[in-house]
Each structure stands twice: as structure tokens, then as C-alpha cells.
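Note that these values count all heavy atoms, side chains included, but never hydrogens, waters or copies made by symmetry. Lettering follows sequence order; numbering is per chain, from 1.
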Amino acid sequence: MNYWLMKSEPSTFGIADLAAMPGQSEHWDGIRNYQARNFMRDGMRLGDLAFFYHSNCPMPGIVGIVAIVREAYSDFTALDPESHYYDPKCTSDNNRWCMVDVKLQQIFSRTISLTELKPQDALADMLTLRKGNRLSITPVSPTEWAHILTMHR
DNA sequence: GCCAACGTTGGC
DNA sequence: GCCAACGTTGGC
């Protein structure tokens, strides 16, 4: 069982949007970074849990938890010329991008903000908190996961 | 809106 | 294989 952190811009797709989906489940499309893709494709397994992180917004931070309910498969938005995530180098036979399906588990009663996360000694090694890190999917250690869970109560 | 940090592209 | 130019991310 692995833990992750997945970023999304609430103006594009926030946790409230996920809550509004049928079954509170949706595919996580648009990953166009190889490192993030590799984490998703090679690391994410059914039943893994991930923090839902709101980025590029007034209060960036962790807003809830999702579960991985389908492992990596072809990200069809890469093949759709109408899509914002269209990648002309991809074909249905050779699509380098993939996505997973996530399902909402919990919405926190408040945002655990980035400013709150940063000074935590227990999170000093957390990938997302490193300066300049822009990866939209990163692993979270069990220790970090447990520590963050204590923070929202 | 600014800009630092980083990834990708493409000429050579 | 190098690296300059460019594009994107995301905090502030």
C-alpha cells in the first residue's frame, strides 16, 4: 500500500468537482510530465491513497483524500485534437500518457495549507515541499502520511 | 501579474 | 551530446 499526493488547480478541477461526479469518482487526466507519469504508471496500485492538493489558488494546500480505484491506462485526452491536453505525437497504438481513476474518500473540514505544512520537521523531506518542485504527482511516506493526518484535527 | 525553477525542444 | 531558447508550473 502506497501513499501519494496529487495536485490539481481548483479552478480546473477541485475536490468539490470530484464530490459532484457520479460515484464521486473520476479519471485523473492531463499528466504531461514523465516523472509524474512514471510514479502513476509504475507506482500507483489499486487501493493506494492520495492527498488531494489544491495548487495555484489563494490557499494552496491539502484538502482531502482520494483512493486509486483503477490503475494506469491510456489517457485518451492525449488523442483528442479538441482537448486542451492533446498531444499530436500520440496515437492510439502508441500513447505515452496515462491516467488513473480516483474516488473521493474524505474532504477535510479545513485546508491544511502549504504555509502550515512547510515548517513541520516531520515533513522536511517531503518531495512536494521542496523548493522548485513542480511535480503534480509525488509519493508520500507512511510517516508523512500519518503526520499530516494528525494535523487536520 | 511577476518570476524562479524546472522540463522539453531542436539546432548544431 | 550540448545547450540556448522557450514553455509551464505554481507560490507569492
Side-chain angles (χ1 to χ4, degrees), chain A residues 2-21 26-44 48-68 71-141 143-145 147-152:
Chain A
N2 305 303
Y3 297 106
W4 307 93
L5 181 143
M6 303 171 81
K7 289 183 194 173
S8 185
E9 303 190 11
S11 59
T12 307
F13 188 80
I15 199 159
D17 297 308
L18 180 58
M21 299 303 295
E26 178 61 310
H27 50 263
W28 199 272
D29 58 19
I31 300 297
R32 295 292 179 270
N33 170 286
Y34 288 109
Q35 250 185 296
R37 179 205 65 182
N38 293 348
F39 281 135
M40 191 164 61
R41 186 189 60 190
D42 306 332
M44 274 190 180
D48 283 359
L49 296 176
F51 287 127
F52 195 122
Y53 180 96
H54 279 174
S55 67
N56 208 0
C57 58
M59 195 196 276
I62 296 170
V63 292
I65 296 175
V66 300
I68 308 306
E71 294 183 7
Y73 60 104
S74 175
D75 181 345
F76 51 78
T77 64
L79 308 173
D80 176 8
E82 302 297 310
S83 170
H84 177 246
Y85 298 117
Y86 178 57
D87 181 347
K89 289 178 180 165
C90 292
T91 64
S92 51
D93 285 341
N94 192 6
N95 185 355
R96 54 181 164 172
W97 304 119
C98 61
M99 58 189 179
V100 297
D101 288 355
V102 301
K103 185 180 167 67
L104 184 64
Q105 298 295 111
Q106 185 184 355
I107 298 182
F108 292 160
S109 53
R110 63 182 193 84
T111 301
I112 307 175
S113 70
L114 180 62
T115 37
E116 213 176 327
L117 292 164
K118 268 184 182 166
Q120 301 281 327
D121 288 338
L123 306 178
D125 293 330
M126 208 170 144
L127 217 51
T128 324
L129 301 181
R130 296 225 188 112
K131 190 185 177 185
N133 191 290
R134 302 179 311 168
L135 280 179
S136 55
I137 294 183
T138 49
V140 173
S141 79
T143 321
E144 291 159 353
W145 182 271
H147 182 81
I148 291 169
L149 284 186
T150 66
M151 290 176 67
H152 81 101

Residue-phosphate contact under 4.0 Å: Y34(A) side-chain N/O, dC6(B) OP1/OP2
no
Length of the line joining K118(A):NZ and dG10(C):C1', which is rounded to integer Å
10 Å
To the nearest Å, how far apart are H54(A) NE2 and dC12(C) P?
17 Å
Selected nucleotide, minimal atom distance to R134(A) side chain, candidates dC6(B), dG10(C), dG10(B)
dC6(B)
To the nearest Å, give me how far apart CG (N56(A)) and C1' (dC6(B)) are.
16 Å
Please tell me if the side chains of T77(A) and M99(A) come closer than 4.5 Å, counting only heavy atoms from C-beta onward.
no
Whole Å only: how far is the CD atom of Q35(A) from the P atom of dC6(B)?
11 Å
For D87(A) and dT8(C), what is the distance between atoms CG and P respectively, to the nearest whole Å?
13 Å
Smallest separation among heavy atoms of R32(A) and Y85(A), with atom names:
NH2-O, 2.9 Å
Can you figure out which of dG11(C), dT9(B), dG10(C) approaches the side chain of K89(A) most closely?
dT9(B)
Taking CZ from R130(A) and C1' from dG7(B), how many angstroms apart are they, rounded to a whole number?
18 Å
May I have the step-by-step check of salt bridge (charged side-chain N to carboxylate O under 4.0 Å, His left out) for R37(A) and D75(A), ending in yes or no?
CA-CA 11 Å; R37(A) 179 205 65 182; D75(A) 181 345; over 6 Å; no
Of the listed dC12(C), dT9(B), dG7(B), the closest approach to the L114(A) side chain comes from dC12(C)
Can you tell me if the side-chain N/O atoms of K7(A) get under 4.0 Å from OP1 or OP2 in dG10(C)?
yes
Looking for any heavy atom pair under 4.0 Å, which part of the strands does E9(A) touch: base, sugar-phosphate only, or nothing?
nothing
Separation of L135(A) atom CG from dC6(B) atom P, in whole Å?
11 Å
Passing candidate, side chain to side chain contact (heavy atoms under 4.5 Å, CB included) with E26(A), options L18(A), L104(A), D17(A)
L18(A)
I'd like to know if the side chain of D101(A) pairs up with that of Y73(A) as donor and acceptor (distance under 3.5 Å, no hydrogens or angles considered).
yes
Interatomic distance, R32(A) CZ vs dC6(B) C1' [rounded to whole Å]:
19 Å
Is there a side-chain contact between K131(A) and the phosphate of dA4(B), meaning an N or O under 4.0 Å from OP1 or OP2?
no
